[in-house]
Amino acid sequence: MPHELPSLAYDFNALEPHIDEQTMRIHHGKHHATYVAKLNEALDKHPELHKKPLEDLLRGLASVPDDIRGAVNNHGGGHSNHSIFWKNMKPGGGGQPAGALADAIKSTFGGFDDFKAKFTAAAANRFGSGWAWLCRDAGGKLVIQDFPNQDSPLTKGLTPLLGVDVWEHAYYLKYQNRRPDYLAAWWNLINWADVAERFGR
Ligand code: MN3
C-alpha cells in the first residue's frame, strides 16, 4: 500500500477536555483510515503513481489521470488534511506563536487577536463540511482560506500551516451543533512549534 495511516504522537484521550477520546478514536481510526484506504484503492489503477509523495499528487492534481482525479482530491486531500491536523495539536498547547511566525501574523493581520478572530470567523462560517486554514501563498504571504469537503490547500497552490476540521464528525459527539464552542476549545490545543516549523520550510 503506497499510503499509511500515521499514528498519533499522543494518546486518544490526551486532548481532553477540549476534544474527547471517543471523537479522537473514531475520527482517526475510522474517518482518517477510510481516506487512506480509498486513496490506496484509487491508486491501485495507477501503479506508476505509487512512489509519488502525496503532496506532489495534490499540488499537481491537474495532471493526475482523469479516472482517479476526484478520488485523489477527496481521499488524498482527506489524508493530507488530517495528517496536518493531528500534528497541529498537542496536549497542553495553545497560547501564541513566537518568532518569525508571530511577526508575520502581526504584519499581515494587525495582531494575534485580529488573526484569531478572522480565522475563527472563517471556520465558523464555512457552510457545511470543510476546513479553515492559515496558509502561505506562492508569494510567501500569509492568508486565511476556507475550503469545502476535503479540498486541500495544496491543490490551490497554497502551503497549509494550520488547519481546523469543521466537519461535524470532528466535534458532534461532544459539542453537537455548537461549532463555535468546539472552535473556542480548539485554540487551547494548537502546537505552535509545528505551525512555525511549516512556516519556516
Ligand atoms: Mn475529519
Side-chain angles (χ1 to χ4, degrees), residues 1-43 54-55 57-58 61 69-91 93-94 119-135 144-156 158-191 194-195 198:
M1 288 297 161
H3 298 279
E4 285 184 11
L5 179 67
S7 51
L8 299 179
Y10 40 79
D11 291 336
F12 290 109
N13 65 2
L15 303 184
E16 293 203 359
H18 308 296
I19 299 180
D20 60 288
E21 176 176 354
Q22 191 187 10
T23 294
M24 288 298 293
R25 285 189 182 278
I26 296 171
H27 200 174
H28 178 265
K30 303 291 184 193
H31 292 277
H32 188 172
T34 300
Y35 296 125
V36 175
K38 291 193 179 250
L39 172 64
N40 284 331
E41 192 181 303
L43 289 171
L54 180 57
E55 275 211 8
L57 283 174
L58 292 169
L61 187 67
R69 191 177 304 134
V72 170
N73 185 58
N74 290 334
H75 304 299
H79 178 25
S80 173
N81 291 341
H82 287 85
S83 296
I84 297 166
F85 183 57
W86 309 133
K87 290 186 175 171
N88 277 169
M89 299 186 288
K90 68 168 188 179
F119 187 103
T120 301
N125 296 327
R126 157 60 30 208
F127 182 75
S129 297
W131 294 71
W133 291 96
L134 174 68
C135 297
I144 293 169
Q145 295 270 290
D146 58 283
F147 297 119
N149 303 314
Q150 295 297 351
D151 288 8
S152 164
L154 294 164
T155 65
K156 326 283 183 189
L158 299 168
T159 299
L161 308 177
L162 173 66
V164 65
D165 187 344
V166 296
W167 285 56
E168 284 187 344
H169 68 226
Y171 62 87
Y172 202 85
L173 292 177
K174 183 175 172 78
Y175 297 98
Q176 293 82 49
N177 61 320
R178 303 186 309 279
R179 188 191 289 185
D181 291 355
Y182 157 68
L183 293 170
W186 172 79
W187 286 103
N188 296 308
L189 298 170
I190 310 304
N191 181 352
D194 178 71
V195 183
R198 294 173 194 280

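Just so you know, these numbers use all the heavy atoms, side chains as well, and skip hydrogens, waters and symmetry mates. Whatever order the structure lists ligands and atoms in, that order sets their numbers, starting from 1.
Heavy-atom contacts from other residues, nucleotides or ligands closer than 6.0 Å to NZ of Lys38 number 12 or fewer. Few gaps surround NZ on Lys156; more than 12 heavy atoms of other groups in view lie less than 6.0 Å from it. Crowding of Gln22 atom CD: a count of heavy atoms from other residues, nucleotides or ligands under 6.0 Å not exceeding 12.
Coordination check, His169 versus the Mn ion (ligand 1): passed, since an N/O/S atom of the residue sits under 2.8 Å. At least one N/O/S atom of His82, whether from backbone or side chain, sits less than 2.8 Å from the Mn ion (ligand 1).
Closest to the Mn ion (ligand 1) among the N, O or S atoms of Asp165 is OD2.
Taking the six-membered ring where the residue is Trp, the centroids of Phe85 and Trp131 are separated by under 6.0 Å.
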